[in-house]
Structure formats: structure tokens, C-alpha cells
Amino acid sequence: MDIKNNVLETIGNTPLIRLNKITKDIPAQVLAKVDYFNPGNSIKDRMALKMIEVAEREGKLKPGGTIIECTSGNTGMGLVLAATVKGYKCIFTTTYKQSKEKADILRAVGAEVIVCPTNVAPDDPRSYYAVATRLAREIPNAFHTNQYDNLANRLAHYESTGPELWNQTDGKITHLVCPAGTGGTITGTSMFLKQKNPNIQVWAIDAFGSLLTHYFNTGLMDMTKVHPYMSEGFGEDFVPQNFDMSYIDHFEQVTDKDGAIMARRIAKEEGLFCGYSAGSCLQGLLQLGERLKAEDMVVCIFHDHGSRYVGKIYNDNWMIEQGFLSK
Ligand SMILES: Cc1ncc(COP(=O)(O)O)c(C=O)c1O
């Protein structure tokens with residue numbers, strides 16, 4: 001018999017799938033780690049469960065407690081699945097920029113979701129960071145998981161995503177390409193892979209309007225580089241503690257339009273219905289294609305599923321409104 005005791009046992013061990021069409025002009029083999037196969041349809045299930053397990057172990061999360069997080073949706077989904085199995089309540093703060101579907105799905109699985117303004121500084125009391133911090137202070141027996149600075153985030157990828165990629169490629173992976181937001185996926189996975197083979201190149205994918213690329217290149221927190229953008233789930237206007245830039249070799253920025261168009265191509269040409277950041281990830285790789293050789297084996301991380309973006313990048317009207325498609 002092969003029976004899982006609960007849904008949490010289905011997290012991880014996602015497939016690595018060869019891309020056959022879009023990347024045909026790139027000399028290297030290009031593989032996608034398709035993490036929408038997780039039960040919450042994103043890679044963030046991995047770190048959500050790990051943050052809860054570590055908090056339980058450290059006594060920060062007690063029976064019947066409330067989990068507070070600021071999340072664009074995917075981390076919230078992972079947290080609420082784990083919370084449901086383990087008996088915790090969830091309150092999430094998010095922003096108006098995020099797909100409405102994401103908040104609706106979180107509510108459907110039992111979370112309370114508070115939507116906050118997008119274009120305010122992280123330290124503004126109305127920001128989704130500040131509201132989450134305040135709620136964690138005010139609500140008794142609450143724990144703010146804080147995916148940005150909680151190092152259990154990158155630990156999850158050090159313990160699962162990294163070893164999976166190493167085993168699935170039989171140690172032959174030469175490049176990791178990964179959209180970066182909290183930095184947990186890229187840093188944790190890279191820590192494991194570079195420990196195995198320090199020559200593996202790790203390329204972060206970033207949005208124009210994010211602080212991260214400029215910070216990586218110069219070490220400066222230049223807020224003049226920061227402006228609103230449409231891409232979802234990656235890029236930041238500060239540098240979360242889950243980043244360790246010494247494990248990253250390059251940052252590549254992708255426009256909102258190019259990422260959206262590429263996500264639609266991945267669905268139509270590869271049969272993989274992925275989220276926005278997967279499009280940006282593959283687009284970023286194509287921008288860097290000249291750096292690759294025939295013997296290279298590249299892994300792109302596809303974080304989440306396309307169903308969360310049907311009102312946006314998979315909606316022609318939305319694409320036209322953004323100027324990403326012509327009528
Ligand atoms: C769709 C999507 N892509 C990319 C990322 C970035 O991953 P990380 O926060 O591990 O850097 C996230 C994080 O929430 C995400 O939801």
C-alpha cells in the first residue's frame with residue numbers, strides 16, 4: 001500500500017522536465033523543476049512547512065496558535081495547508097497588486113486575508129509588512145513566520161530542493177536559474193549545490209523596479225532604482241535576510257512584458273501551465289543563452305501554477321491593457 005498520512009507528506013519530490021521547443025536554439029540542455037506539482041501548487045509549500053516545524057521545535061508556535069504572515073499567496077497557501085493539518089489559525093496580509101484569485105483561494109482554504117496598499121514604504125504602518133508585525137504583537141499566542149528573515153525558509157531548500165536537483169541530474173547540473181524574492185529558494189538551493197560542486201553557476205532572475213540587481217552589483221541600497229512593476233512573486237524593495245549574495249553569481253532583470261509573454265509560450269509550446277515568474281525565469285535564461293555551452297545542464301525553477309494568473313497574464317484583455325499584446 002502507498003498511503004500518505006496527510007497532505008503534507010506530498011510536499012517536494014517534484015519532477016524535473018526537459019524543455020524541448022522554446023530552448024531549441026540554446027546549446028545546453030534546459031530542464032525545468034516544475035514545483036506546481038506541490039499540493040499548494042507552488043514551491044513555497046516546502047518552506048512554509050519548514051518554518052512551522054522549526055517554530056514548533058523552538059517553542060515559538062504553540063498548540064492552537066495563530067500564524068501571521070505577509071504573503072502574495074503562495075507562502076500563505078503552504079502555511080494554511082500545514083496549519084489545517086496541524087490545528088493552527090492563519091491571518092495573512094497581502095497587497096492590492098496581487099492577483100485577486102490568490103486571496104480568494106487562501107480564504108477558500110480557511111485563512112483570514114487582509115489586503116493592504118501596494119505603493120507604501122515597508123516601514124509605513126499601512127504596509128503589509130507593518131500590519132503583519134502589529135497583528136503578531138497584538139494577538140495572543142500568535143507567531144509571525146516572517147518568510148523574509150526566517151532562515152528556515154532557505155533551510156527548506158537546502159534540505160529538499162537542492163538535494164532533489166543534485167540527485168535528479170545525477171550531479172551533472174551546471175547552472176541554476178531562479179527568480180528571487182525572499183531569496184530563500186535561490187540561496188538555500190545554491191548552498192547545497194555549491195557545496196557539492198562550487199563550479200555550478202547560479203543566476204538570479206529579478207524584475208525591473210526591484211532593488212536586488214543594483215544591490216548585488218554595487219552593494220548600495222539605491223531606492224531611486226525602485227518603482228512599481230507588474231511581475232509577481234519576485235524582486236524586492238529591500239534585501240531580506242534569507243539572501244546570501246555570495247551564493248549567487250549573476251542577477252538578470254526581465255521586463256514585465258517579456259516575462260508575461262514567455263509564460264504564455266511555456267503553456268502553449270511546452271504544455272506547462274505555469275505562473276508569471278516561470279516566464280520571467282525562462283526569458284532571463286534566454287537573455288543569457290550566449291554564455292552556455294553544449295555540455296551544460298541548466299535547471300530553471302518554475303515556482304507556481306498558471307491558474308493563479310488567469311485574470312492577468314492568461315487574459316488577453318489584461319495583456320492588451322498593459323500594452324503587452326496588440327489588439
Ligand atoms: C511565484 C513566485 N516566484 C518566485 C518567488 C521567489 O521565491 P523566493 O521568495 O524563495 O526568493 C516566489 C516567492 O514567493 C513566488 O511566489
Side-chain angles (χ1 to χ4, degrees), residues 32-36 38 40-51 69-79 92-95 97-99 101-103 105-106 128 145-162 176-191 202-207 210-213 216 229-245 247-248 251-252 254 256 259-260 262-263 266 272-284 300-309 312-313:
K33 180 73 165 159
V34 184
D35 252 56
Y36 68 54
N38 282 300
N41 296 139
S42 98
I43 201 166
K44 307 288 283 198
D45 289 357
R46 298 170 186 264
M47 53 71 91
L49 178 59
K50 180 57 70 180
M51 289 196 301
E69 183 56 288
C70 25
T71 164
S72 61
N74 287 329
T75 300
M77 189 64 180
L79 285 172
F92 301 137
T93 60
T94 183
T95 64
K97 188 183 112 170
Q98 306 302 327
S99 313
E101 296 94 312
K102 285 185 179 174
I105 292 167
L106 292 176
Y128 81 141
T145 35
N146 188 5
Q147 59 171 325
Y148 299 95
D149 298 331
N150 182 339
L151 299 187
N153 174 355
R154 72 187 192 195
L155 178 66
H157 299 287
Y158 177 83
E159 289 181 350
S160 71
T161 319
L176 174 73
V177 186
C178 181
T182 66
T185 310
I186 194 164
T187 304
T189 308
S190 177
M191 280 173 152
V202 175
W203 296 342
I205 301 302
D206 194 17
S210 156
L211 177 75
L212 297 174
T213 298
F216 177 82
Y229 53 87
M230 298 309 302
S231 305
E232 281 184 45
F234 64 105
E236 292 297 347
D237 52 8
F238 67 106
V239 183
Q241 285 174 26
N242 270 290
F243 272 103
D244 182 334
M245 297 294 183
Y247 286 93
I248 302 174
F251 263 76
E252 183 73 8
V254 172
D256 293 340
M262 185 57 72
I266 295 170
L272 294 168
F273 188 41
C274 298
Y276 205 157
S277 73
S280 308
C281 183
L282 188 55
Q283 172 62 28
C300 291
I301 303 282
F302 288 179
H303 273 70
D304 71 346
H305 194 258
S307 56
R308 293 184 187 153
Y309 306 87
K312 290 196 166 180
I313 59 173

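Since the structure is predicted, the reported quantities are computational estimates derived from the model, not experimental observations. Counting starts at 1 for both ligands and their atoms, in listed order.
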Establish, from distance only, whether the side-chain atoms of [X] and [Y] form a donor-acceptor pair under 3.5 Å.
X	Y	answer
Thr182	Gln147	no
Arg46	Ser160	yes
Asn153	Asn150	no

Gap between atom [atom2] of [Y] and atom [atom1] of [X] - 0.5 Å precision:
X	Y	atom1	atom2	result
Tyr229	Asp256	OH	CG	8.5 Å
Leu176	Trp203	CG	CH2	10.5 Å
Tyr128	Phe92	OH	CZ	13.0 Å

When only distance counts, is [X] in polar contact with ligand 1, meaning an N/O pair under 3.5 Å?
X	answer
Gln147	no
Thr75	no
Lys44	yes
His157	no
Gly181	yes
Asn74	yes
Ser277	yes

Could you tell me if the side chain of Thr94 sits less than 4.5 Å from the side chain of Lys102, heavy atoms only?
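Contact flag for Lys102/Thr94 side chains = no.
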For [X], the ligand 1 atoms whose distance to one of its heavy atoms is below 4.0 Å:
X	value
Ala180	11 (O)
Gly184	10 (O), 11 (O)
Thr185	7 (O), 8 (P), 10 (O)

May I ask whether [X] places a heavy atom under 4.0 Å from ligand 1?
X	answer
Ser42	no
Ile186	no
Gly183	yes
Phe243	no

Side chain of Glu69, backbone of Thr93: donor and acceptor closer than 3.5 Å?
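No; zero donor-acceptor contacts below 3.5 Å.
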I'd like to know if the side chain of Ser210 and the backbone of Gly235 have a donor-acceptor N/O pair within less than 3.5 Å.
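No, because the side chain of Ser210 does not come within donor-acceptor range (under 3.5 Å) of the backbone of Gly235.
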Side-chain ion pair, Arg308 and Glu232, N-O less than 4.0 Å:
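No.
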Which bit of Tyr309 is near ligand 1, meaning a heavy atom under 4.0 Å away: side chain, backbone, both or neither?
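Side chain only; the backbone of Tyr309 stays clear of ligand 1.
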May I ask you to identify, for Asp304, whether its side chain, its backbone, both or neither come under 4.0 Å of ligand 1 on a heavy-atom basis?
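Just the side chain.
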